[in-house]
Amino acid sequence: MGGAVAMLVREVMSTPAITVRRTDPVRHAVRVLHGNDITAAPVVDDGGRLVGVVSELDLLRGEFGPDPRATARRLPLPEAPPPRQVQDVMTGAGGVVTVTETTDVTTAIELMVGRKIKSLPVLRGEEIVGMVSRRDLMAMLARTDEELRAAVEAALREQYPFGPRWTVAVHDGVAELSGPRHEHADKIADVLARTVPGIVRVRHPR
C-alpha cells in the first residue's frame with residue numbers, strides 16, 4: 001500500500017496571520033516583516049478585511065537611493081518622495097491570490113510557481129486565518145525521520161490506545177508500518193500516517 005501524501009493547506013499553514021494596515025507607515029511594515037521573519041503579509045482595512053498583500057520587495061521600493069560614492073557621475077535628484085504608507089506599494093486586492101484551509105497543497109504550490117510568489121493568504125470566507133509560504137512547505141519536508149517516526153507513532157496510539165500495534169520506521173519521509181496483519185486497521189493506520197506533515201509515502205512490508 002503506498003502513494004504520494006495528500007495534504008491540505010490547513011495542515012502546513014502559519015496561523016494566525018500577521019497583518020498590517022494599509023495606512024501603516026512603510027517603515028512600520030518593514031519592522032513587522034523583519035521582526036516576524038516573514039516575506040509578505042496580508043494588508044487589511046479598518047474592518048480587518050483583506051485589501052492587498054505587501055512583500056519585502058514592495059517595501060524596499062524607494063527606500064534606498066543611489067550612493068554618489070558608487071559612480072563618478074553626478075546623480076539626478078529623485079523626482080518624487082519615497083512612498084509613505086503600505087497602500088502606496090502593496091499589491092491590491094484585485095491582484096491577490098488566495099487559498100482556503102481545504103485547498104490541496106499541490107494547488108498552492110502550482111499557484112506559487114505560476115504566479116512567482118512566495119506566500120498566499122489563507123481565507124475562511126472573508127476571514128484571514130493564516131498564510132502558507134514556501135518556507136512553511138520547506139519546514140515540513142525538513143523534519144527528521146526520527147521526528148516523523150515519533151509523530152506517526154503518536155497518531156497511531158491516539159487512534160488505537162489499546163492495540164493493535166505497529167512497528168514504525170521512517171526513511172527519507174517514507175513510513176514503514178510492520179506487524180501482524182489487521183486488514184481494516186491497516187487501512188486506517190495508512191491514512192493516519194499520511195496525515196503527518198512530512199510523510200510522503202506509506203508502506204506495509206510483509
Side-chain angles (χ1 to χ4, degrees), residues 7-71 73-144 147 197-198:
M7 184 169 293
L8 303 179
V9 163
R10 69 185 178 209
E11 295 169 317
V12 69
M13 71 182 187
S14 296
T15 186
I18 296 167
T19 63
V20 295
R21 293 182 180 273
R22 61 183 172 188
T23 53
D24 282 341
V26 164
R27 288 298 177 95
H28 170 77
V30 168
R31 287 189 285 270
V32 169
L33 267 64
H34 178 73
N36 290 281
D37 195 26
I38 55 177
T39 60
V43 183
V44 298
D45 61 15
D46 291 338
R49 292 179 294 270
L50 180 70
V51 293
V53 167
V54 69
S55 70
E56 291 171 317
L57 284 178
D58 294 330
L59 295 171
L60 290 172
R61 190 183 308 164
E63 290 299 308
F64 293 91
D67 192 318
R69 295 173 297 179
T71 178
R73 293 180 293 120
R74 183 175 181 180
L75 298 173
L77 295 174
E79 295 181 0
R84 296 301 182 191
Q85 295 183 329
V86 169
Q87 62 190 349
D88 298 327
V89 297
M90 71 182 191
T91 297
V96 175
V97 182
T98 64
V99 292
T100 70
E101 296 165 286
T102 56
T103 298
D104 194 296
V105 163
T106 58
T107 300
I109 293 172
E110 289 171 0
L111 289 170
M112 292 180 193
V113 172
R115 300 296 186 93
K116 295 181 173 62
I117 51 181
K118 293 184 178 181
S119 55
L120 302 165
V122 183
L123 301 184
R124 183 189 300 151
E126 294 187 355
E127 180 187 2
I128 306 167
V129 293
M131 286 284 280
V132 60
S133 69
R134 292 187 292 189
R135 188 173 300 179
D136 293 324
L137 298 170
M138 290 292 287
M140 176 197 70
L141 295 177
R143 299 177 73 184
T144 67
E147 290 173 326

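No experiment lies behind these values; they were computed from the predicted model shown. For the numbers below, each heavy atom of this structure counts, side chains included, while hydrogens, waters and symmetry mates do not.
Applying the salt bridge (Lys or Arg N to Asp or Glu O under 4.0 Å) test to every pair with at least one member in residues 38-54, sequence neighbours left out, gives these pairs: R21-D46, D45-R49.
Rounded to the nearest 0.5 Å, atoms OG1 (T100) and CG (L120) are 11.0 Å apart. Taken to the nearest 0.5 Å, the CG atom of L50 stands 11.0 Å off from the CZ atom of R22. A distance of 11.0 Å separates CG in L59 from OG1 in T39, rounded to the nearest 0.5 Å. Interatomic distance, L57 CG to K118 NZ, rounded to the nearest 0.5 Å: 7.0 Å. For the atom pair E11 CD and T102 OG1, the distance stands at 11.0 Å (nearest 0.5 Å). Note that the CE atom of M13 and the CD atom of E101 stand 4.5 Å from one another [nearest 0.5 Å].
Between Q87 and V43, every side-chain heavy-atom pair lies at or beyond the 4.5 Å cut-off. Proximity of T91 to D58: side-chain heavy atoms (C-beta onward) are separated by under 4.5 Å at one or more points. For the pair L111 and I117, the minimum side-chain heavy-atom distance is 4.5 Å or more. Using a 4.5 Å heavy-atom cutoff, the side chains of P121 and V96 are in contact.
Each of V99, V12, L8 was scored for a side-chain contact (heavy atoms from CB on, under 4.5 Å) with V105, with one residue passing: V12.
A search for salt bridge (charged side-chain N to carboxylate O under 4.0 Å, His left out) contacts involving E147 returns nothing, not counting sequence neighbours.
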Sequence neighbours excluded and cut-off under 3.5 Å, please list the side-chain donor-acceptor pairs for residues 127-140, or say none.
from : atom 1 : to   : atom 2 : distance (Å)
S133 : OG     : R135 : N      : 3.3
S133 : OG     : D136 : N      : 3.1
S133 : OG     : D136 : OD2    : 3.2
R135 : NH1    : D37  : O      : 2.8
R135 : NH1    : D37  : OD1    : 3.1
R135 : NH1    : D37  : OD2    : 3.2
D136 : OD1    : S14  : OG     : 2.7
D136 : OD2    : S14  : OG     : 3.3
D136 : OD2    : S133 : N      : 2.9

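Minimum heavy-atom separation, A41 to I38: CB-CD1, 4.3 Å. Taking each heavy atom of V54 and L33 in turn, the nearest pair found is O-CD2, 4.2 Å.
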